[in-house]
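Worksheet: the structure to be examined is printed underneath.
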Amino acid sequence: MKPDIIRKTTWEKVLNFIATTEERTPYLLIDRDIVVKKAQLIGKGISKAKVFYAVKAHPDIEVVRLIEKLGLNFEIASEGELRILKNLDVSPDRIISSNPVKTPHFIKEAYEYGIRYFAFDSYTEVDKLSVYAPESLVYVRLSVPNEGSEWPLSKKFGVEPDRALSLLLYAREKGLNPVGITFHVGSQCKNIYNWSTAIDKVIHIWQNAADKGIQLSLLNIGGGYPIRYTSDVIEIGEIEKLIDRVLKERFSEPPEIHIEPGRAVVGDAGIFVTSVIGKAERGEENWLYIDVGVFNGLMESIGGIKYSCVVGSRAEKKKWILAGPSCDSFDVIDREVILPEPVVGDHLLILSAGAYTISYASEFNGFPIPRTFII
Ligand SMILES: *Cc1c(COP(=O)(O)O)cnc(C)c1O
């Protein structure tokens with residue numbers, strides 16, 4: 001019953017954990033070896049690249065500690081995320097904040113801690129930064145195509161090139177230090193050309209800024225690297241090869257690069273261990289209920305992320321509607337899962353569940369937020 005989406009070594013560790021733990025389901029297992037591999041891979045294909053883990057993907061302190069030990073830096077958006085890094089004594093020069101709209105209190109606290117890199121995409125944000133984080137190194141968020149990304153981020157943030165240039169000039173006027181440009185191609189981006197299109201868009205602003213006396217030096221390419229959920233995706237090495245080539249073609253002096261992967265660092269290292277809690281026939285439909293759902297861990301399924309599921313049963317395969325434990329009718333994880341019929345109490349594993357699962361979870365309806373264990 002081992003699908004090829006999970007490696008043999010991970011599979012053995014998962015089965016061993018399940019066999020020996022006293023912990024009740026649901027819980028999330030993170031395979032340390034996969035995180036190590038990802039940390040070694042990401043950023044290696046691009047010259048002058050520094051990698052910042054987007055903490056929101058999975059802010060569990062032990063996971064963050066592991067990533068810290070592996071030498072990655074961090075991207076944060078709130079006091080809560082900053083607190084985790086403070087607890088681990090992470091030096092402020094390893095932390096940036098790329099959320100374009102931050103609370104004044106967060107900016108103040110981040111600045112006091114020593115963080116100096118901040119994104120922005122509005123005049124109001126420049127005003128805030130100039131008061132609470134004077135002279136900081138700021139970079140403007142550009143709007144870029146998000147086509148082919150499963151979790152688009154382009155509607156909420158980003159500006160067009162003309163506005164980006166005006167904002168950089170305004171930031172300089174306000175005593176900030178405008179150093180660069182950022183963009184996000186959308187999360188779980190399966191369209192490799194989103195990165196090259198974005199860089200093409202950047203290059204014009206870069207030149208126009210230089211004409212106005214602003215010498216930019218930093219390009220933050222955001223996150224978006226995809227992981228395998230149910231099928232293969234473009235390799236990170238391929239994406240970085242393209243980015244590196246485009247950078248070398250377009251820039252006479254290649255800029256310093258910041259990359260902010262979240263999903264790609266922890267996503268495919270995570271396995272949700274859940275239990276079947278019920279089954280029902282409703283008309284033609286077979287419903288399967290498990291103890292983790294949309295509200296306590298699988299929120300992304302309502303945005304279109306489809307997970308691979310595994311059960312231990314060898315019974316006849318059926319098509320199921322997979323649903324969570326709460327009484328809310330939104331709590332449906334997938335309307336088309338083919339699985340052998342399990343019995344109540346059987347484990348059901350959900351693969352590639354390390355990112356944007358626990359960090360989204362609530363205790364709605366009294367169901368607990370699953371604990372995370374590193375294996
Ligand atoms: C969420 C986020 C990321 C991480 O994106 P992934 O798609 O998980 O890699 C990076 N940068 C910013 C600004 C973000 O908001």
Side-chain angles (χ1 to χ4, degrees), residues 30 34-35 38-39 41-43 46 49-60 63-64 67 72-78 80-82 95-103 106-107 110 115 117-122 125 138-159 180-192 194-195 198 202 218-229 233-236 239-240 243 257-270 299-300 303-305 352-360:
I30 295 280
I34 296 182
V35 178
K38 290 313 228 4
L41 169 72
I42 298 172
I46 303 177
K50 257 174 107 170
V51 180
F52 296 80
Y53 169 61
V55 173
K56 75 174 185 290
H58 196 350
D60 178 84
V63 172
V64 174
I67 292 168
L72 264 55
N73 307 287
F74 298 95
E75 190 278 320
I76 61 168
S78 64
E81 292 181 344
L82 177 56
I95 309 172
I96 62 175
S97 179
S98 301
N99 180 359
V101 180
K102 296 165 283 301
T103 68
F106 167 64
I107 300 173
I115 297 169
Y117 282 90
F118 298 97
F120 68 103
D121 67 357
S122 64
E125 195 71 8
V138 297
Y139 42 106
V140 67
R141 170 93 164 241
L142 188 63
S143 168
V144 299
N146 274 206
E147 273 92 46
S149 295
E150 294 201 356
W151 202 267
L153 299 163
S154 57
K155 295 216 173 78
K156 187 168 177 189
F157 296 120
V159 291
I181 297 173
T182 185
F183 59 75
H184 200 301
V185 294
S187 200
Q188 184 68 1
C189 178
K190 293 171 156 184
N191 178 0
I192 192 167
N194 275 0
W195 281 279
V202 162
L218 170 71
L219 175 57
N220 177 318
I221 62 170
Y225 290 174
I227 61 166
R228 288 187 345 149
Y229 282 99
V233 289
I234 341 158
E235 296 287 327
I236 288 171
I239 298 172
E240 293 198 338
I243 294 173
I257 300 295
H258 286 179
I259 317 174
E260 304 168 329
R263 191 183 302 277
V265 179
V266 290
D268 36 20
M299 168 79 103
E300 281 204 313
I305 297 285
S352 303
Y356 304 115
T357 48
I358 304 299
S359 52
Y360 273 141

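We number each residue from 1, following the sequence as shown. Fair warning: this is a prediction, and the values are worked out from it, not measured in the lab. Side chains included, hydrogens not; waters and symmetry mates left out as well; all remaining heavy atoms used. Just so you know, ligand 1 is whichever comes first in the structure, and atom 1 is the first atom listed for that ligand.
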So is there a nitrogen or oxygen of [X] less than 3.5 Å from a nitrogen or oxygen in ligand 1?
X      : result
Ala264 : no
His184 : yes
Gly262 : yes
Lys56  : yes

Criterion side chain to side chain contact (heavy atoms under 4.5 Å, CB included) against Tyr225, the qualifying member of Val233, Ile234, Leu41, Ile259: Ile259

Which residue owns the protein heavy atom closest to atom 8 (O) of ligand 1, what's the atom, and how far is it? Tyr356 OH, 2.6 Å

What protein heavy atom is closest to atom 7 (O) of ligand 1, reported as residue, atom name and distance in Å? Ser187 OG, 2.4 Å

For the atom pair [atom1] ([X]) and [atom2] ([Y]), what is the distance rounded to the nearest 0.5 Å?
X      : Y      : atom1 : atom2 : value
His58  : Tyr53  : NE2   : OH    : 7.0 Å
Ile243 : Ile236 : CD1   : CD1   : 10.0 Å
Asn99  : Ile76  : CG    : CD1   : 10.0 Å
Phe183 : Asn146 : CZ    : CG    : 10.5 Å
Asn220 : His184 : CG    : NE2   : 9.0 Å

For [X], the ligand 1 atoms whose distance to one of its heavy atoms is below 4.0 Å:
X      : answer
Pro261 : 9 (O)
Gly223 : 5 (O), 9 (O), 10 (C)
Ser98  : 13 (C)

Do Phe157 and Val101 have side chains that approach each other closer than 4.5 Å (heavy atoms only, starting at C-beta)? yes

Is the shortest distance from a Lys or Arg side-chain nitrogen in Arg263 or Glu300 to a carboxylate oxygen in the other one below 4.0 Å? yes

Out of His58, Gln188, Glu260, Arg263, indicate the one that has the non-hydrogen atom closest to atom 12 (C) of ligand 1. Glu260

To atom 6 (P) of ligand 1, the nearest of Ala355, Gly224, Cys189 on a heavy-atom basis is Gly224

